[in-house]
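The shown structure was predicted, so the numbers you read here are calculated from the model rather than taken from an experiment. Values below: all heavy atoms of this structure, side chains included; hydrogens, waters and symmetry mates excluded.
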Amino acid sequence: MDQLVIESRGKINRGLKILGKRPDGYHNLDSIMVPISLKDTITLTKRDRGLVYESNNLDLAWTPDNFCKKALDLLEKKLARTFSLAIQLEKRIPLGAGLAGGTANGASILKGLNQLYDLKVDLEDLQAWALDLGADFPFCLYNRPARVGGIGEKIQPLEGKKEAILLVNPGYPLSTPEVYAWYDQDMDQGIQDQVINDLEGPVLRRKPQLVQVKESLEATGAYEVSMSGSGPTFYAVYKSPDQRDRAREKLEGTFEKVLACSTAL
Ligand SMILES: C[C@@](CO)(OP(=O)(O)O)[C@H](O)COP(=O)(O)OP(=O)(O)OC[C@H]1O[C@@H](n2ccc(N)nc2=O)[C@H](O)[C@@H]1O
Ligand SMILES: Nc1ncnc2c1ncn2[C@@H]1O[C@H](COP(=O)(O)OP(=O)(O)O)[C@@H](O)[C@H]1O
């Protein structure tokens with residue numbers, strides 16, 4: 001096998017409870033995390049020599065903060081070898097959106113190289129190695145519906161079902177560390193919210209224009225509306241794809257990115 005095409009799926013958090021802050025600054029969580037059908041595509045092709053990278057997203061160059069490079073560097077270090085290959089990244093998941101698009105790409109590189117080069121590294125080892133690259137890596141490597149605990153390293157498999165989802169993204173990114181810092185500030189002031197994602201209140205207080213995103217989705221008859229992860233994307237869940245598509249038609253043009261997809265198994 002000389003080439004592998006990998007689907008790199010985004011995720012949503014269907015509820016995110018923060019249980020406490022650890023001495024190292026990370027937060028212990030309880031979150032239901034579900035892959036979604038919105039995905040990037042990564043093509044890995046073996047080469048005789050050297051590395052080539054290209055992406056349709058010109059903001060994602062081959063720099064040390066690119067999750068594809070982070071994942072490749074990690075594997076090369078752990079296995080004390082280098083890989084000669086071409087990496088082609090077709091980006092569709094918005095950046096810094098709370099949909100773990102970057103982490104998903106890194107996880108796809110790790111799993112893809114494992115398969116392409118028949119490296120026989122266990123999933124558990126990849127998960128443990130990659131936790132240093134990001135708390136969402138263990139889930140993105142697992143890539144199925146799960147209840148996630150610890151800072152992201154505890155994965156409890158869940159039964160999933162396909163549900164119709166609408167995503168609304170305002171077209172700008174939010175920084176995950178900054179959003180957790182907002183949460184800490186609000187906790188210090190004793191502010192508590194009645195929401196299913198504990199990071200949502202801190203974001204809405206600082207980005208009040210997102211209240212309109214949430215209220216607009218709620219007005220479409222969705223049975224669950226929430227921010228995903230550290231935002232700023234909001235998701236809505238519908239009883240049927242038809243209802244979801246009617247909601248999409250209604251909201252398109254009002255918000256920057258209105259994306260129909262589904263939860264994936
Ligand atoms: C919020 C969540 C929900 O799934 O995802 P995103 O919305 O970013 O996709 C995750 O907790 C994000 O995971 P990830 O984006 O991998 O975080 P990391 O790069 O490891 O951490 C960035 C920073 O976020 C904070 N952080 C992250 C995870 C966690 N459990 N507690 C934290 O406090 C820390 O300040 C850390 O330095
Ligand atoms: N391959 C990649 N895809 C997306 N973002 C990447 C990638 N590599 C690095 N990044 C950077 O990581 C940041 C956060 O990643 P992303 O997973 O998109 O967001 P989030 O953590 O909100 O889910 C992005 O804003 C971007 O600057």
Side-chain angles (χ1 to χ4, degrees), residues 1 3-37 39-44 46 64-83 85 87 89 93 98-161 176-177 180 228-230 263-265:
M1 182 169 52
Q3 189 177 74
L4 190 63
V5 180
I6 317 157
E7 292 184 345
S8 197
R9 307 192 292 192
K11 59 84 181 159
I12 53 173
N13 299 81
R14 296 187 72 174
L16 189 158
K17 286 286 143 210
I18 296 184
L19 306 177
K21 193 175 177 185
R22 307 192 324 180
D24 65 1
Y26 269 80
H27 297 74
N28 284 319
L29 312 172
D30 181 10
S31 181
I32 290 177
M33 295 177 66
V34 184
I36 52 174
S37 60
K39 57 181 189 280
D40 301 331
T41 305
I42 296 182
T43 306
L44 302 178
K46 286 183 183 172
D65 63 341
N66 187 320
F67 276 103
C68 297
K69 180 164 172 31
K70 285 189 195 185
L72 178 71
D73 290 349
L74 175 76
L75 209 56
E76 289 188 334
K77 195 169 154 213
K78 289 288 180 188
L79 302 178
R81 63 171 285 182
T82 56
F83 295 94
L85 79 157
I87 299 176
L89 169 63
I93 306 171
L99 302 173
T103 315
N105 292 168
S108 295
I109 294 283
L110 294 174
K111 282 171 90 169
L113 291 177
N114 203 20
Q115 195 182 334
L116 187 63
Y117 292 90
D118 197 23
L119 302 173
K120 296 188 167 50
V121 183
D122 291 340
L123 177 66
E124 293 73 32
D125 285 334
L126 290 179
Q127 288 174 315
W129 294 351
L131 187 61
D132 282 348
L133 298 185
D136 272 344
F137 265 89
F139 168 78
C140 287
L141 284 160
Y142 177 64
N143 202 22
R144 291 179 197 282
R147 186 165 177 175
V148 176
I151 63 164
E153 78 283 11
K154 292 189 183 142
I155 309 286
Q156 205 179 311
L158 285 180
E159 282 289 317
K161 65 174 177 176
T176 301
Y180 274 103
S228 178
S230 57
T263 50
L265 308 183

Enquirer: Would you give the length of the straight line joining atom CZ of Arg81 to atom CD of Glu76, rounded to the nearest 0.5 angstrom?
Expert: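 Atom-to-atom, Arg81:CZ and Glu76:CD are 8.5 Å apart.
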
Enquirer: To the nearest 0.5 angstrom, please state how far the OG atom of Ser108 sits from the CD1 atom of Ile6.
Expert: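 Here the interatomic distance stands at 5.5 Å.
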
Enquirer: Under a 4.5 Å cut-off applied to non-hydrogen side-chain atoms, are Trp129 and Leu75 in contact?
Expert: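 The answer is yes; the side chains approach within 4.5 Å.
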
Enquirer: My understanding is that only residues two or more places apart in sequence, or in another chain, count here; which of them pass salt bridge (charged side-chain N to carboxylate O under 4.0 Å, His left out) with Glu7?
Expert: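 Expected list: Lys39.
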
Enquirer: Apply the test side chain to side chain contact (heavy atoms under 4.5 Å, CB included) to residues Ile12 and Leu99: give CA-CA distance (whole Å), side-chain angles for both, the deciding distance (0.1 Å), then the verdict.
Expert: CA-CA 6 Å; Ile12 53 173; Leu99 302 173; 4.0 Å; yes

Enquirer: For Gly98 and Asn13, which heavy atoms make the closest approach, and how far apart are they?
Expert: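 Answer, listing the atom of Gly98 first, then Asn13: O-OD1, 4.2 Å.
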
Enquirer: Mind checking the OG-NZ spacing from Ser228 to Lys11? Nearest 0.5 Å is all I need.
Expert: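 Those atoms lie 4.0 Å apart.
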
Enquirer: Applying salt bridge (Lys or Arg N to Asp or Glu O under 4.0 Å) as the test, list every pair that has at least one member in residues 18-31; sequence neighbours left out.
Expert: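 Every salt bridge (Lys or Arg N to Asp or Glu O under 4.0 Å) pair that includes a residue of residues 18-31, provided the two are not neighbours, is Lys21-Asp184, Arg22-Asp24, Asp30-Arg147.
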
Enquirer: Using 0.5 Å steps for rounding, measure from the CG atom of Asn28 to the CD1 atom of Ile151.
Expert: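 It is 8.0 Å, given to the nearest 0.5 Å.
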
Enquirer: Under the rule for salt bridge (charged side-chain N to carboxylate O under 4.0 Å, His left out), what residues qualify as partners of Lys78, not counting sequence neighbours?
Expert: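 Once residues adjacent in sequence are excluded, Lys78 has no partner under the salt bridge (charged side-chain N to carboxylate O under 4.0 Å, His left out) criterion.
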
Enquirer: What ring-ring contact (aromatic ring centres under 6.0 Å, His included) pairs are there with at least one residue in residues 11-30, not counting sequence neighbours?
Expert: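 For residues 11-30: His27-Tyr180, His27-Tyr183.
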
Enquirer: Distance from Phe139 atom CZ to Glu153 atom CD, nearest 0.5 Å?
Expert: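 One finds 14.5 Å between CZ of Phe139 and CD of Glu153.
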
Enquirer: Of the non-hydrogen atoms in Arg9 and Ile36, which two are nearest, and what is the gap between them?
Expert: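 Smallest heavy-atom distance, with atoms named: CB-O, 3.4 Å.
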
Enquirer: List for me each residue that meets side-chain contact (heavy atoms from CB on, under 4.5 Å) alongside Leu265, sequence neighbours excluded, and say none if there are none.
Expert: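 Leu265: no side-chain contact (heavy atoms from CB on, under 4.5 Å) contacts found.
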
Enquirer: Working to the nearest 0.5 Å, report the span between CD1 of Ile32 and CG of Leu158.
Expert: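 Spacing of CD1 (Ile32) from CG (Leu158) equals 5.5 Å.
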
Enquirer: Mind listing the closest non-hydrogen atom pair of Gly106 and Ala71 along with its distance?
Expert: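 Where Gly106 meets Ala71 most closely, the heavy atoms are O-CB, 3.3 Å.
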
Enquirer: Would you name the heavy atoms of Val34 and Ala264 that are closest together and state the gap between them?
Expert: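 Looks like CG1-O, 4.2 Å.
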
Enquirer: Decide yes or no for Lys154 and Pro138: does some side-chain heavy atom of the first lie under 4.5 Å from some side-chain heavy atom of the second?
Expert: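 They are not in side-chain contact.
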
Enquirer: Evaluate the side-chain proximity of Pro157 to Pro145: yes if any heavy-atom separation is below 4.5 Å, no if none is.
Expert: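 No, their side chains stay 4.5 Å or more apart.
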
Enquirer: For Ser8, run the side chain to side chain donor-acceptor pair (under 3.5 Å) check against Asn105, Thr103, Asp40 and tell me which one passes.
Expert: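 For Ser8, the side chain to side chain donor-acceptor pair (under 3.5 Å) check succeeds only for Asn105.
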
Enquirer: I'd like a table of donor-acceptor pairs (distance under 3.5 Å, sequence neighbours excluded) in which one partner is a side-chain atom from residues 109-125, with atom names and distances.
Expert:
residue: Lys111; atom: NZ; partner: Leu141; partner atom: O; Å: 2.6
residue: Asn114; atom: OD1; partner: Lys120; partner atom: N; Å: 3.2
residue: Asn114; atom: OD1; partner: Val121; partner atom: N; Å: 3.0
residue: Asn114; atom: ND2; partner: Val121; partner atom: O; Å: 2.8
residue: Tyr117; atom: OH; partner: Ser84; partner atom: O; Å: 3.2
residue: Asp118; atom: OD1; partner: Lys120; partner atom: NZ; Å: 3.2
residue: Asp118; atom: OD2; partner: Lys120; partner atom: NZ; Å: 2.8

Enquirer: Heavy-atom distance under 4.5 Å between the side chains of Ile18 and Leu29, does that happen here?
Expert: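 Heavy-atom side-chain distance check passes, below 4.5 Å.
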
